[in-house]
Amino acid sequence: MSEKPQAPRGTYDVLPEDDAGRRAVEAAARSILGGAGYRRIETPIFEHTELFARGVGASTDIVQKEMYTFKDAGDRSLTLRPEGTAPVMRSYHEHGMHKLPQPAKLWYLGPFFRQEKPQAGRYREFWQVGIEAIGSSDPAVDAEAITLLHALATELGVTGVRLRLASLGTPETRAEYRELLVAHLRAHEDQLSEEVRARIDLNPLRAFDADHPGTREVMRAAPLLIDHLTDEDREHFAEVRARLDAAEIAYEIDPTLVRGIDYYTRTLFELTSDALGAQSGVGGGGRYDRLAETLGLPDTPGIGWAAGVERLLLAGDHRPHPEPVCDLYVAGTDVAAFTLTAEARRAGLNVQLELAGRSRKGQLKQADRSGARYVAIFGDEGINLKDMESGEQETVAADAVVARVLRGRHLS
Ligand code: HAM
């Protein structure tokens, strides 16, 4: 730590002025996702490390280098959650949610942690809002999930939206395709970046993500997974697309779409915004029909997505809500001031107290800054109530102040 304490790199404070935006995200999520029958779930901030190691995949960047992992006093390895899908799948089984009407439709909103290189829109502690629909492989669930991500981004005024869509097929199809891809990469090894070359066997798909010019050239001629899907997977994908078309959601098929998590099968999607810089991904997700099995749980299909709350706010045109109105500014802190404040708050008024020992002039200035409608100033003959709108003042008995303010509020 430097001399003066500072927040750790890649973290940020949510300041009072940021609160309205974050509340807007929560309100939009609650109304859009709740309106579609999704119910809120929150899982713990930390889980057993194994849940992510198995669920997210041992070869992913997340598991290899981005997790905050620590031992507890009982020598158990725990990890601050880097993502929410594996935990929700765990919870679904731990709480017997398969007995509920399927799919179980769940949404969440909370902090996640990844040890990434911080930059604009990329943090080490960030928030996600997401959904998981577990227990159905119906393509209608995929299509609805995608429309909900689109609706949330639209509601929050995210501009320059692009939706990219792909299908990954099953792990078996992918294994066959992977051999073709590895063979292609091996045949052009000398043109590839060192990083891609080092990972040909570990994660050849990531080569599609590379910025390196030589690698990009090689990838232009690479075989595409989408041309190697089984008939069943092709049909599933067509059913998803037909429903997105019916819902008039614009999308592009991107056969090279890759996401940094291993559990995906079939439908895969990402929503980007050109209002963001390099970190243009607002949200993304896909189907994960084999995740449960990977975790040693009974086979359970699922689909979901997550969007970064900070990125939704950066890319959106959220207009701040007005601060709560201040009905009454009580210019004093003595017992009489507290009696009045308590009575006024019980009556449902928003009251702010003078807490800085200001002069009369300073009190009025502060009341004005707070947007107060009335100011109560304590004098010898009772309370001097000033209407900040009209500038009028009147002396009111202490037990009549609340009624007077309520009447004024009612009239305005
Ligand atoms: P993800 O693509 O890793 O997917 O993350 C989803 C979103 O979280 C990203 O699109 C981005 O907006 C935000 N995000 C990720 N990392 C950061 C970061 N370091 N700083 C700021 N924002 C970030 C998942 O996490 C999957 N669990 C989504 C899912 C749900 N798939 C199926 N169900």
Side-chain angles (χ1 to χ4, degrees), residues 8-12 25 33 38 41 43 47 51-52 55-57 60-63 65-68 80-92 103-134 141-142 144-146 148-149 152-153 156 158 161-164 166 168 209 257-273 275-292 294 300-316:
R9 238 164 77 74
T11 70
Y12 59 87
V25 173
L33 308 176
Y38 280 75
I41 181 169
T43 58
E47 297 267 0
L51 181 74
F52 302 113
V56 174
T60 59
D61 282 353
I62 295 181
V63 171
K65 50 187 186 198
E66 294 173 0
M67 298 204 300
Y68 285 95
L80 298 186
R81 60 183 191 179
E83 68 97 42
T85 309
V88 172
M89 181 60 91
R90 173 198 56 67
S91 179
Y92 170 95
K105 297 190 290 185
L106 305 161
W107 74 274
Y108 50 89
L109 172 72
F112 291 85
F113 307 83
R114 293 183 195 174
Q115 213 158 158
E116 293 194 83
K117 213 167 160 198
Q119 63 180 76
R122 198 209 271 157
Y123 311 95
R124 290 182 169 173
E125 176 176 351
F126 57 97
W127 279 53
Q128 281 187 348
V129 51
I131 68 169
E132 310 297 345
I134 303 182
V141 185
D142 306 39
E144 188 191 40
I146 296 170
L148 292 174
L149 173 59
L152 182 67
L156 292 167
V158 175
V161 163
R162 247 179 94 193
L163 179 65
R164 288 182 302 148
L168 289 181
D209 250 359
L257 182 61
V258 233
R259 299 178 38 70
I261 299 178
D262 277 357
Y263 49 58
Y264 292 117
T265 49
R266 292 188 159 175
T267 314
L268 190 73
F269 53 94
E270 191 151 271
L271 189 133
T272 56
S273 162
L276 296 175
Q279 299 304 310
S280 61
V282 174
R287 183 162 275 290
Y288 44 86
D289 293 347
R290 302 287 179 91
L291 170 63
T294 313
T300 321
I303 167 119
W305 52 258
V309 168
E310 298 79 10
R311 294 194 194 169
L312 281 168
L313 290 171
L314 284 169

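Quantities reported herein were computed from a predicted structural model and do not represent experimental measurements. Read the numbers this way: they start at 1 and go in the same order the structure lists the ligands and their atoms. Just the heavy atoms: all of them, side chains too, but no hydrogens, waters or symmetry mates, feed the values below.
- Looking only at side-chain heavy atoms (C-beta outward), Y108 and V88 come within less than 4.5 Å of each other.
- A donor-acceptor distance shorter than 3.5 angstrom exists from the side chain of D289 to the backbone of G302, with no hydrogens or angles considered.
- Not a single heavy atom of W127 sits closer than 4.0 Å to an atom of ligand 1.
- Close contacts of ligand 1 with V282, meaning ligand atoms under 4.0 Å from a residue heavy atom, involve 10 (O), 12 (O).
- Between the E310 side chain and the W127 main chain, a donor and an acceptor come within less than 3.5 Å of each other.
- At least one heavy atom of G284 lies less than 4.0 angstrom from ligand 1.
- With ligand atoms numbered from 1 in the order given, ligand 1 contributes 32 (C), 33 (N) to contacts under 4.0 Å with heavy atoms of Y288.
- Near I261, with a cut-off below 4.0 Å to any heavy atom, the atoms of ligand 1 are 3 (O), 4 (O), 24 (C), 26 (C).
- At a heavy-atom distance under 4.0 Å, no atom of I62 approaches ligand 1.
- Numbered from 1 in the order shown, with element, the atoms of ligand 1 that lie under 4.0 Å from a heavy atom of E83 read 25 (O), 26 (C), 27 (N).
- A donor-acceptor contact shorter than 3.5 Å is absent between the side chain of R124 and the backbone of P118.
- For the pair L276 and V282, the tightest heavy-atom approach, listed with the atom from each and the gap, is CD1-CG2, 3.8 Å.
- The shortest non-hydrogen separation linking I134 to Y288 is CG1-OH, 3.7 Å.
- From the protein, the heavy atom lying nearest to atom 1 (P) of ligand 1 is R259 NH2, 3.5 Å.
- With hydrogens and angles ignored, the 3.5 Å screen pairs a side-chain donor or acceptor of R311 with a backbone N or O of G281.
- For atom 33 (N) of ligand 1, the nearest protein heavy atom (residue, atom name, distance) is E132 OE1, 2.8 Å.
- Looking from atom 7 (C) of ligand 1 to the surrounding protein, the closest heavy atom is A306 O, 3.6 Å.
- When every heavy atom of G304 is checked against every heavy atom of E132, the shortest pair comes out as CA-OE1, 3.5 Å.
- R114 places a side-chain N or O within donor-acceptor distance of the main-chain N or O of P82, the cut-off being under 3.5 Å.
- Listed by number with element, the atoms of ligand 1 under 4.0 Å from a non-hydrogen atom of G121 are 20 (N), 21 (C), 22 (N).
- Set against the non-hydrogen atoms of E116, the atoms of ligand 1 under 4.0 Å away are 16 (N), 17 (C), 18 (C), 19 (N).
- Nearest-residue assignment for atom 10 (O) of ligand 1 (options G283, S280, P82; heavy-atom criterion): G283.
- For atom 32 (C) of ligand 1, the nearest non-hydrogen atom of the protein is G304 O, 3.2 Å.
- Neither the backbone nor the side chain of E270 has a heavy atom within less than 4.0 Å of ligand 1.
- Of the protein's non-hydrogen atoms, Q128 NE2, 3.1 Å is the one closest to atom 5 (O) of ligand 1.
- If you check the side chains of Y92 and T300, you find no donor sitting under 3.5 Å from an acceptor.
- Looking at R114 against ligand 1, only its side chain comes within 4.0 Å, counting heavy atoms.
- Here the closest non-hydrogen pair linking W305 and L148 is CZ2-C, 3.9 Å.
- When Y263, W305, F113 are ranked by how near their heavy atoms come to atom 26 (C) of ligand 1, first place goes to Y263.
- Between R164 and E270, at least one side-chain nitrogen of the basic residue sits less than 4.0 Å from a carboxylate oxygen of the acidic one, meeting the salt-bridge criterion.
- Here the side chain of R259 pairs no donor or acceptor atom with the backbone of Y264 at under 3.5 angstrom.
- Not a single heavy atom of F112 sits under 4.0 Å from any atom of ligand 1.
- What sits closest to atom 20 (N) of ligand 1 on the protein, heavy atoms only, is Y123 N, 2.9 Å.
- Put simply, no part of G260 is less than 4.0 Å from ligand 1, judged by heavy atoms.
- Residue F126 has at least one heavy-atom neighbour below 4.0 Å for each of these atoms of ligand 1: 14 (N), 15 (C), 16 (N), 17 (C), 18 (C), 19 (N), 20 (N), 21 (C), 22 (N), 23 (C).
- When all heavy atoms are compared, the tightest approach of L314 to G121 is CD1-CA, 3.9 Å.
- In terms of heavy-atom proximity, L149 sits nearest to G284 at CD2-N, 4.4 Å.
- Between G281 and ligand 1, at least one N/O pair is under 3.5 Å apart.
- Nearest protein neighbour of atom 31 (N) of ligand 1, counting heavy atoms only, is Y264 OH, 2.7 Å.
- Scanning all protein heavy atoms for the shortest distance to atom 11 (C) of ligand 1 gives R311 NH1, 3.4 Å.
- Within ligand 1, the atoms closer than 4.0 Å to a non-hydrogen atom of G285 are 31 (N), numbered from 1 in the order shown.
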